[in-house]
Amino acid sequence: MRTTLTRLADGRELVYYDHDHSPPRTALDRRELPPRPAGSQLRHDPFLDAWVMVAAYRQDRTFLPSTEDCPLCPSREGRPTEIPESDYDVVVFENRFPALAGDEPTWLEPDTGPPGALPGLLGRRRSAGRCEVVCYSPRHDASLVELSPDDVGLVLAAWVDRTARLSAIPGVEQVFCFENRGSEVGVTLQHPHGQIYAYPFVTPRTSRALAAATAYHRSTGRNLYDDVLAAERAAGERVVTENGSWTAFVPHAARWPYEVHLYPNRRVADLTSLSLSEREDFPPIYLDLLSRFDRLFGLRTPYMSGWHQAPVREGREELALHLELFTIMRAAGRLKYLASSESAMDAFANDVVPEAAAERLRALGP
Ligand SMILES: [Zn+2]
């Protein structure tokens with residue numbers, strides 16, 4: 001893999017991740033771009049002890065443009081896009097409309113305490129962190145599932161490199177690489193792409209997971225993720241597929257109609273700790289899972305997929321890297337929405353029994 005770092009006209013970073021045989025990337029961004037938006041905030045919810053990202057300018061972001069106006073396609077003569085080159089393999093750049101941006105998070109006056117203090121009752125910080133866009137392919141109509149294992153390997157290499165680089169930014173506490181696919185799950189650009197959020201805090205979900213894993217360790221002296229993976233592999237009834245390095249199963253208490261968690265068989269804290277063979281074994285099994293998802297309903301199933309990684313500075317001995325892939329589709333044309341119980345109470349009701357979901361996914365075969 002070869003990486004080429006450049007800057008867009010408004011100063012944002014862009015990195016090409018290319019196969020070794022691809023041509024050099026030298027094009028410059030000659031667009032006239034407005035200055036990057038400033039002023040996004042983090043607000044602390046004192047009831048849940050959680051941060052909320054507030055960025056009003058995101059209301060103006062590009063919404064379902066025509067193929068002609070796609071900002072993620074390579075640039076063409078007379079039609080410059082976010083990617084200055086006329087071709088690319090995989091490319092990552094800073095989002096023009098980020099929910100998170102800036103260096104060290106700083107407290108905003110007057111309703112917060114001094115730096116380093118506990119959040120005030122109505123705590124507010126200037127935002128920090130990074131939001132990046134990852135374009136998987138220059139082909140507008142492609143989807144990750146249609147890429148070759150080599151190309152998915154390049155996407156994985158980009159995730160690994162971004163995790164390492166973003167984790168090194170002062171103030172970044174957690175890196176989340178994810179993809180939303182399908183307008184049903186709120187995708188505003190059809191071009192095959194994912195995103196990366198580098199949060200200046202540990203997310204609520206990860207905090208809860210870390211508390212559970214820590215409590216389990218205290219009471220048993222064992223690692224929760226090791227034990228659950230071993231138990232799922234031994235039971236087998238929820239395992240969808242596996243290879244030499246990875247195991248995919250529907251979790252025992254799945255929240256979504258079709259939800260699969262993909263774990264490396266050896267526990268690691270984050271993507272940067274995967275071995276060469278684990279990295280090589282990832283593309284075939286991930287492509288297999290995505291293909292099964294598409295064959296579930298005979299259409300491009302809308303899905304969400306994201307890497308759970310240990311935070312940068314805590315929980316690295318307790319949390320285990322894994323990918324969570326799920327669809328909100330429970331039957332062809334029927335979506336599960338986050339309604340009151342899920343949204344207001346975080347209490348999920350699942351209409352599909354996890355063992356039945358696993359059985360269906362298994363039966364589809366690779
Ligand atoms: Zn496009």
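Order of listing sets the numbers, starting from 1, for every ligand and every atom in it.
Ring planes of Phe282 and Trp307: tilted class, angle from 30 to 60°. The aromatic rings of Phe201 and Tyr199 sit tilted relative to each other, their planes meeting at an angle between 30° and 60°. Under the 30°/60° scheme for interplanar angles, the aromatic rings of His191 and His140 are found to stand perpendicular.
His191 has its closest N, O or S atom to the Zn ion (ligand 1) at the position named ND1. Summary: ND1 is the N/O/S atom of His140 found nearest to the Zn ion (ligand 1).
A cation-pi contact, defined as under 6.0 Å to the ring centre and within 45° of the axis, links Arg125 to Trp51.
At the Zn ion (ligand 1), the angle from SG in Cys70 to SG in Cys73 is 120° when rounded to 10°.
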